[in-house]
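The structure under discussion appears below in the form of structure tokens.
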Amino acid sequence: QVQLVESGGGLVQAGGSRRLSCAASGRTLNMYAMGWFRQAPGKEREFVTAISRSGGRTYYADAVKGRFTISRDNAKNTVYLQMSSLKPEDTAVYYCGGRFTYSYDTYYHASDQYNNWGQGTQVTVSS
């Protein structure tokens, strides 16, 4: 199993930017498709974005399309989430998920497709 640790969360003003990182240990990340999810208080965990093993394919929820960018650096065993034009409704705990796969170009957008999770990092966007 791969261990995932998110970092980079914090308080940011609306319209600002933030970059989250998800660092992996225990196994090499290049065998995992990765995704970011978020959970706001009182709400279910929701999909944000996903990236294939190769990094060549990405997918975004409509709510973040054009504002968020997922990327990965397999040499550093890290996945990133660059968030821009942040809105108060982006406030949530952000989780990265990993799914072991032999496919280079498949991404996954359902939380039950992932079996490795980090502990989450809080992002709070003030208005």
How far apart are the closest heavy atoms of Gln113 and His109, and which atoms are they?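 Result for this residue pair: OE1-N, 3.2 Å.
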[Y] reachable from [X] in the ILVMFWY side-chain graph, under 4.5 Å edges:
| X | Y | result |
| --- | --- | --- |
| Val64 | Leu81 | yes |
| Ile51 | Phe47 | no |
| Met34 | Trp36 | yes |
| Tyr107 | Tyr94 | no |

Worksheet item: Taking only residues two or more places apart in sequence, or in another chain, which ones meet Lys43 in a salt bridge (charged side-chain N to carboxylate O under 4.0 Å, His left out)?
Response: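 None.
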**Report entry** Residues forming a ring pair (Phe, Tyr, Trp, His ring centres under 6.0 Å) with Tyr114, sequence neighbours excluded
**Finding:**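 Once residues adjacent in sequence are excluded, the partners of Tyr114 under the ring pair (Phe, Tyr, Trp, His ring centres under 6.0 Å) criterion are Phe37, Trp117.
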Side-chain contact test, heavy atoms from C-beta onward, threshold under 4.5 Å: evaluate it for [X] versus [Y] and give yes or no.
| X | Y | value |
| --- | --- | --- |
| Cys22 | Leu4 | yes |
| Tyr60 | Thr69 | yes |
| Ser17 | Met83 | no |
| Thr121 | Leu20 | yes |
| Arg72 | Leu29 | yes |
| Val48 | Ile70 | no |
| Thr78 | Tyr80 | yes |
| Thr49 | Phe68 | no |

Practice task
Please list all pairs passing the salt bridge (charged side-chain N to carboxylate O under 4.0 Å, His left out) test where one or both residues lie in residues 85-105, with sequence neighbours left out.
Solution key: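 Listed by first then second residue: Arg38-Asp90, Arg67-Asp90.
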Checklist entry - Hey, is the main chain of Pro88 close enough, under 3.5 Å, to the side chain of Thr91 for a donor-acceptor pair? => result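 Confirmed, Thr91 side chain pairs with Pro88 backbone.
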State whether the side chain of Glu6 and the backbone N or O of Cys96 hold a donor-acceptor pair below 3.5 Å, judged by distance alone.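 Yes; at least one donor-acceptor contact below 3.5 Å.
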Margin query: Quick test of your reading: applying side-chain hydrogen bond (donor to acceptor under 3.5 Å, both in side chains), list the pairs with at least one residue in residues 18-29, sequence neighbours left out, ordered by first then second residue.
Written below: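 As it turns out, the side-chain hydrogen bond (donor to acceptor under 3.5 Å, both in side chains) pairs with a partner in residues 18-29, which skip direct neighbours, are Thr28-Asn30.
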- Look up atom OG in Ser126 and atom CG in Leu86, then write down how far apart they are to the nearest 0.5 Å.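 One finds 10.0 Å between OG of Ser126 and CG of Leu86.
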With sequence neighbours excluded, tell me which residues meet side chain to side chain contact (heavy atoms under 4.5 Å, CB included) with Arg53.
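Only Met31, Thr101, Tyr104 meet the side chain to side chain contact (heavy atoms under 4.5 Å, CB included) criterion with Arg53.
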For residues 28-88, which residue pairs pass the disulfide bond (SG atoms under 2.5 Å apart) check, not counting sequence neighbours?
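Checked against disulfide bond (SG atoms under 2.5 Å apart) - neighbours excluded - no pair reaches residues 28-88.
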query = Do Tyr108 and Tyr59 have ring centroids that are under 6.0 Å from one another?
reply =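 No, ring centres 6.0 Å or more apart.
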